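What follows is one structure encoded as structure tokens, with my remarks underneath.
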Amino acid sequence: MRAAELPSIPGVLTARQCLATAESIAGQQHSDGAIPWFRGGHTDPWDHVESAMALTVAGLHDAARAAYAWSADTQRADGSWPSQFRGDVVETADTDTNFCAYIATGVWHYYRCTGDRRFVDTMWPTVRAAIDYVISMQQGRNGEIYWLQTEQGILPEALLTGCSSMFHSIGCGLAIAELLGLAQPEWEVAALRLGHALRHHPESFAEKDRYSMDWYYPVLGGALRGEAGHARIASRWSEFVVGEIGIRCVSDRPWVTGAETCELALALDTLGDSDRALRLLASIQHLREDDGSYWTGLVFADGKRWPEERTTWTGAAVVLAADALTRTTGGNGIFRELAPSADIATGLTCDCVRSPS
């Protein structure tokens with residue numbers, strides 16, 4: 001892909017810079033297709049897919065397909081993945097359900113960018129098994145999905161951020177199933193129940209509201225749109241957004257992070273708030289290195305980058321945000337275009353549902 005076909009935002013990120021970021025991600029990829037956080041670091045199934053999505057945006061399709069092949073090859077028989085690898089060794093065998101679900105988002109994104117139906121056919125068994133596994137963990141009484149399974153069993157706890165992301169991923173899985181002409185009514189019911197929990201039962205989720213992701217992910221994942229989404233973002237904007245340098249990862253720490261800032265930009269894009277989304281993307285360019293990679297974050301109290309690592313998934317979030325804001329590839333609407341249209345409790349569209357208190 002030529003640089004001119006990549007996302008470009010004057011004064012913020014050129015097409016060639018976007019390509020350099022994707023190439024910095026590809027430069028960390030292992031020969032088996034795995035994309036670790038950084039060379040020598042661990043690989044987790046969620047961030048691996050996020051990085052593959054950035055490779056797709058940049059036209060590095062061979063590298064992206066290799067990443068998805070690694071996902072297919074490392075999936076367990078029950079449809080899950082270990083939550084952490086180090087090279088070809090399983091470092092943490094526990095299963096994070098959100099990590100498993102995200103493969104559906106990646107596969108649907110690849111199709112939207114490339115139109116490659118054969119790829120979808122190849123990956124469908126992987127997606128189907130993953131979403132089936134995730135839905136088997138929907139054991140909360142209000143439709144929430146428990147987040148962790150260990151050798152000792154299932155931890156009966158649901159996380160708001162993870163469930164919001166799974167809500168989106170199940171929607172992507174349904175889009176893939178529709179493309180293939182394969183009805184998945186159990187998935188549809190699961191999505192409705194999960195959306196209901198996200199909109200109306202905040203008590204169903206573990207208290208993690210110090211983290212900015214718990215604030216914006218219900219919007220990013222599509223559970224809240226319109227008035228409800230705007231209200232959600234307005235409710236804690238002043239707590240998390242720090243001037244022109246990004247957003248806090250944690251509300252009580254002087255630390256801004258690039259990936260969370262870009263994800264908030266993506267959430268704002270789903271609401272049509274493109275001006276503030278663009279300012280956020282611009283605000284974290286101070287984390288960029290000359291090779292296109294991005295530092296994870298900055299402790300603004302002392303001006304030090306922390307942790308001292310440049311993570312593939314941070315660069316990936318930048319590329320995905322740039323694509324969404326510029327409407328460059330066919331996958332630019334991966335978060336914007338898949339919000340389920342009805343609320344199970346009221347039958348109203350998402351735009352009419354009030355945000356949870």
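Quantities reported herein were computed from a predicted structural model and do not represent experimental measurements. One is the number of the first residue; the rest follow in order along the sequence.
Two residues are said to be in side-chain contact when any heavy atoms from C-beta on lie closer than 4.5 Å; Pro156 and Gln139 fail this criterion. With a 4.5 Å cut-off on side-chain heavy atoms, Cys172 and Ile334 count as touching. Looking at Thr105 and Met53, their side chains come closer than 4.5 Å, going by heavy atoms from C-beta outward. In this structure, the side chains of Arg128 and Leu182 stay at 4.5 Å or more apart for every pair of heavy atoms. A heavy-atom distance below 4.5 Å is found between the side chains of Ile233 and Leu268. Between Leu224 and Arg199, some side-chain heavy-atom pair lies under the 4.5 Å cut-off. In this structure the side chain of Glu289 reaches within 4.5 angstrom of the side chain of Arg305, judged on heavy atoms. Two residues are said to be in side-chain contact when any heavy atoms from C-beta on lie closer than 4.5 Å; Ser283 and Thr261 meet this criterion.
A distance of 12.0 Å separates CG in Asp323 from OG in Ser8, rounded to the nearest 0.5 Å. Rounded to the nearest 0.5 angstrom, Gln149 CD and Glu151 CD are separated by 10.5 Å. To the nearest 0.5 Å, atom CG of residue Asp214 and atom CZ of residue Phe240 are 8.5 Å apart. Remark: His196 NE2 to Asn142 CG distance equals 5.5 Å, nearest 0.5 Å. Atoms CZ and CD, on Phe99 and Gln84 in that order, are 8.0 Å from each other to the nearest 0.5 Å. Note that the OG1 atom of Thr270 and the CZ atom of Arg225 stand 4.0 Å from one another [nearest 0.5 Å].
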For this session: Could you walk me through whether Asp269 and Arg336 pass the salt bridge (Lys or Arg N to Asp or Glu O under 4.0 Å) test, one step at a time?
Result: CA-CA 7 Å; Asp269 181 59; Arg336 188 189 323 112; 3.0 Å; yes
For this session: Begin with the C-alpha distance, continue with both residues' side-chain angles, and end with the deciding distance and a verdict on side-chain contact (heavy atoms from CB on, under 4.5 Å) for Met213 and Glu263.
Result: CA-CA 9 Å; Met213 289 188 292; Glu263 287 181 337; 4.2 Å; yes
Exercise. Which is it for Tyr68 and Thr126 under the side-chain contact (heavy atoms from CB on, under 4.5 Å) test, yes or no, and what are the steps along the way?
Worked result: CA-CA 10 Å; Tyr68 289 117; Thr126 302; over 6 Å; no
Exercise. Should Asp62 and Arg65 be marked as a salt bridge (Lys or Arg N to Asp or Glu O under 4.0 Å) after you check the CA-CA gap, both sets of side-chain angles, and the distance that decides it?
Worked result: CA-CA 5 Å; Asp62 289 345; Arg65 286 192 300 271; 2.3 Å; yes
For this session: Start with the C-alpha distance between Ile35 and Leu55, add both sets of side-chain angles, then the distance that settles side-chain contact (heavy atoms from CB on, under 4.5 Å), and finish with yes or no.
Result: CA-CA 11 Å; Ile35 305 175; Leu55 297 180; 3.8 Å; yes
For this session: Test Val57 against His109 for side-chain contact (heavy atoms from CB on, under 4.5 Å), laying out the working first.
Result: CA-CA 9 Å; Val57 168; His109 177 262; 3.7 Å; yes
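Between the side chain of Trp255 and the backbone N or O of Gly297, no donor-acceptor pair lies under 3.5 Å. Between the side chain of Ser169 and the backbone N or O of Ser165 there is at least one donor-acceptor pair closer than 3.5 Å. Side chain of Arg39 to main chain of Gly27: a donor-acceptor pair is present (N/O by atom type, distance under 3.5 Å, no hydrogens or angles). Checked by atom type and distance alone, the side chain of Ser212 pairs as donor or acceptor with a backbone atom of Arg248 at under 3.5 Å. Here the side chain of Arg232 pairs a donor or acceptor atom with the backbone of Trp215 at under 3.5 angstrom. Looking at Gln138, its side chain does come within 3.5 Å of a backbone N or O of Gly143 through a donor-acceptor pair.
A donor-acceptor pair shorter than 3.5 Å cannot be found between the side chains of Ser83 and Asp44. Using a 3.5 Å distance cut-off with no hydrogens or angles, the side chains of Ser24 and Arg310 do not pair a donor with an acceptor. Under 3.5 Å, the side chains of Thr92 and Asp94 contain no donor-acceptor pair of N or O atoms. Asp132 and Trp187 share a donor-acceptor pair across their side chains, judged by distance under 3.5 Å alone. At a cut-off of 3.5 Å, with distance as the only test, no side-chain donor of Tyr133 or Gln75 sits close to an acceptor on the other residue.
Residues meeting the side chain to side chain donor-acceptor pair (under 3.5 Å) test with Asp273, sequence neighbours left out: Arg276. Glu239 pairs by the salt bridge (charged side-chain N to carboxylate O under 4.0 Å, His left out) definition with Arg236, not counting sequence neighbours. Here Glu309 pairs with Trp37, Phe38, Thr296, Pro307, Thr311 under the side-chain contact (heavy atoms from CB on, under 4.5 Å) rule; sequence neighbours left out. Applying the salt bridge (charged side-chain N to carboxylate O under 4.0 Å, His left out) test to Asp252 and every residue at least two apart in sequence or in another chain returns Arg210. Applying the side-chain contact (heavy atoms from CB on, under 4.5 Å) rule to Ala317 yields the partners Glu50, Ala259, Cys262; only residues at least two apart in sequence or on another chain are considered.
Taking every heavy atom of both residues into account, Met166 and Ala101 meet most closely at CG-CB, 3.8 Å. Residues Phe167 and Ala191 approach most closely at CE1-O, 3.2 Å, considering heavy atoms. Residue Leu280 comes nearest to Trp237 through the heavy atom pair CD1-CH2, 4.2 Å, listed as atom of the first residue, atom of the second, then distance. The shortest non-hydrogen separation linking Ala64 to Ala52 is CB-O, 3.8 Å. The minimum heavy-atom distance between Cys163 and Leu194, with the atom names listed, is O-CD2, 3.5 Å. Across Ala22 and Ala54, no two heavy atoms sit closer than the pair CB-O, 4.3 Å.
Using the six-membered ring where Trp is involved, His48 and Trp70 have ring planes that are tilted, between 30° and 60° apart. Note on ring orientation: taking the six-membered ring where Trp is involved, the planes of Tyr110 and Phe119 are tilted (angle from 30° to 60°).
The hydrophobic clustering, which links ILVMFWY residues whose side-chain heavy atoms are closer than 4.5 Å, places Leu160 and Leu220 together. One hydrophobic cluster holds both Trp46 and Ile170 under the rule that ILVMFWY side chains link at heavy-atom gaps under 4.5 Å. Residues Ile103 and Val120 are members of one and the same hydrophobic cluster, defined by side-chain heavy-atom contacts under 4.5 angstrom among Ile, Leu, Val, Met, Phe, Trp and Tyr. No single ILVMFWY cluster, assembled from side-chain heavy atoms under 4.5 Å apart, contains both Tyr211 and Leu266. When the side chains of ILVMFWY residues are joined at heavy-atom separations under 4.5 Å, either directly or via intervening members, Trp147 and Ile154 end up in two distinct hydrophobic clusters.
Counting non-hydrogen atoms of neighbouring residues, nucleotides and ligands closer than 6.0 angstrom, the CD atom of Glu178 reaches no more than 12 such neighbours. Applying the 6.0 Å contact sphere to CD of Glu308 captures no more than 12 heavy atoms from other residues, nucleotides or ligands.
Between Asp275 and Arg279 there is no salt bridge, since no side-chain N of the basic residue sits under 4.0 Å from a carboxylate O of the acidic one.
Within the hydrophobic cluster formed by Ile, Leu, Val, Met, Phe, Trp and Tyr side chains joined at under 4.5 Å, directly or through other members, Ile245 is accompanied by Ile9, Val12, Leu13, Val242, Val256, Leu278, Leu281, Ile284, Leu287, Tyr294, Trp295, Leu298, Phe300, Val318, Leu325.
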